[in-house]
Amino acid sequence: MPHDIMLEVQGLSAWYGAAQILFGLGLEVGRGEVVALMGRNGAGKSTTMKTIMGLVDRRQGVVRFAGRDISRLEPYRIARLGLGFTPEDRRIFSDLTVMENLDIGRQPPRHFGDGRPAPVWVPEKLLALFPNLGERRHSPGGQMSGGEQQMLTVARTLMGNPLLVLLDEPSEGVAPLIVEQMASTIVELKKQGLSVLLSEQNIHFAELVADRAYLLEKGQVRWHGGMTELTGDAEVQRAFLTV
């Protein structure tokens, strides 16, 4: 576990109305680390991300980001601190062009806690990272394929110059070629010192990018360890990942 912890979650519980979805969940993400949050549909992966971002009204527990307690902050304040979130449903502005979507995500450059500058993202750098978007820069978001919209969501989040990105199901429902591009993008983000927490069902995708994994079942962490350990343990995969 890297010494510099970017995200620390302790005793996280969450409810939708009267239904409790998360039960005392805990996890950590280190600086420059990619961590996979894995489990079957309905295990609580997306809810974990929304709760970290302050998007679930009824919640308990502690969330610390870059050393600061963000457990009670509003979502927009959390985003301004440098925690990026790409939701599963993409939420792009379909009437706006690629460039206009990117412009909406713009935030000032940031520094890590030790004073070192964090990666700075500008449109040209992102269009180089996502060549498909470069070719479609003047196209409205609504006219793009699901995979291109997925890339646009990630690129728009990066325009906020985040220190850590929450990626909700980045490989779901997109073409295999786009999945490969998404994997290489995440590896590139890691090289630049960014931290990533991604929710994922696809173990092959997670294996390409993640250092460690937390396996969820019914809103609880049931297994935690290195990615190589998980890929080598068919029994654990069967218990928590196979449908």
Side-chain angles (χ1 to χ4, degrees), residues 1-2 5-30 32-53 55-56 58-64 85-89 146 150 154 164-176 178-180 182-187 189-190 195-243:
M1 180 74 221
I5 294 173
M6 288 301 297
L7 181 70
E8 186 180 10
V9 174
Q10 294 173 325
L12 195 66
S13 296
W15 291 258
Y16 291 138
Q20 186 169 357
I21 311 296
L22 302 182
F23 298 83
L25 189 137
L27 59 88
E28 287 179 345
V29 182
E33 190 182 30
V34 178
V35 174
L37 197 58
M38 306 190 72
R40 298 185 182 95
N41 267 338
K45 304 185 298 296
S46 292
T47 302
T48 300
M49 297 209 160
K50 288 175 184 165
T51 308
I52 289 169
M53 280 306 293
L55 293 165
V56 174
R58 194 177 160 207
R59 60 194 190 273
Q60 285 176 358
V62 178
V63 181
R64 284 191 194 86
F85 176 45
T86 65
E88 190 182 4
D89 54 4
Q150 186 74 290
V154 176
L164 185 146
V165 179
L166 305 176
L167 285 179
D168 198 359
E169 301 275 9
S171 78
E172 189 178 43
V174 297
I178 304 276
V179 171
E180 274 176 42
M182 202 59 80
S184 58
T185 300
I186 293 169
V187 170
L189 298 183
K190 181 183 165 179
S195 306
V196 179
L197 177 65
L198 69 118
S199 78
E200 191 52 70
Q201 276 183 294
N202 180 341
I203 190 160
H204 304 296
F205 183 82
E207 188 181 3
L208 292 173
V209 298
D211 302 296
R212 292 184 300 117
Y214 290 88
L215 302 192
L216 300 191
E217 189 179 58
K218 296 178 180 168
Q220 292 174 298
V221 173
R222 298 291 303 274
W223 186 94
H224 161 235
M227 204 61 219
T228 43
E229 197 185 336
L230 175 59
T231 52
D233 195 329
E235 206 169 308
V236 168
Q237 289 178 44
R238 239 192 330 273
F240 302 113
L241 295 176
T242 52
V243 179

task: Go through the steps to decide whether L167 and M182 satisfy the test side chain to side chain contact (heavy atoms under 4.5 Å, CB included), and finish with yes or no.
output: CA-CA 11 Å; L167 285 179; M182 202 59 80; 5.9 Å; no
key: Backbone N/O of L216 and side chain of K45: donor-acceptor pair under 3.5 Å   = no
message: Can a donor-acceptor pair be found, under 3.5 Å and without considering hydrogens, that links the side chain of Q20 to the backbone of L22?
response: yes
* Is a side-chain donor or acceptor of D211 paired with a backbone partner of V34 at a separation under 3.5 angstrom? -> yes
One should read off an interatomic distance between R59 CZ and I21 CD1, to the nearest 0.5 angstrom, of 15.0 Å
Closest heavy-atom pair, G24 versus S13, reported as atoms and distance to 0.1 Å, is N-OG, 3.0 Å
Under 3.5 Å side-chain donor-acceptor pair for S46 and E169
no
Note: S171 and V179 closest approach over all heavy atoms is O-CG2, 3.9 Å
OG1 of T185 to CD of Q150, rounded to nearest 0.5 Å, is 11.0 Å
On a heavy-atom basis, the closest approach of G32 and K190 is O-CG, 3.3 Å
Side chain to side chain contact (heavy atoms under 4.5 Å, CB included) between E217 and W223, intermediate numbers included: CA-CA 9 Å; E217 189 179 58; W223 186 94; over 6 Å; no
Quiz prompt | Side chain to side chain, R212 and E229, heavy atoms closer than 4.5 Å | solution = no
Of all heavy-atom pairs linking R58 and G17, the shortest is NH1-O, 3.6 Å
Applying side chain to side chain contact (heavy atoms under 4.5 Å, CB included) to L27 and not counting sequence neighbours gives L7, V9, L25, V29, L37, T48, L197, Y214
Rounded to the nearest 0.5 angstrom, the CG-CE distance for L55 and M49 is 12.0 Å
In this structure, CG of L12 is separated from CD of Q220 (nearest 0.5 Å) by 12.5 Å
Separation between CD (E207) and OG1 (T228), nearest 0.5 Å, reads 9.0 Å
query = Hey, does M227 have a side-chain heavy atom less than 4.5 Å from the side chain of L230?
reply = yes
Scanning both residues in full, the closest heavy-atom pair of E33 with E28 reads OE1-O, 4.5 Å
Here the gap from I52 atom CD1 to E8 atom CD, rounded to the nearest 0.5 Å, amounts to 11.5 Å
For A239 and R40 the tightest heavy-atom approach is O-NH2, 3.0 Å
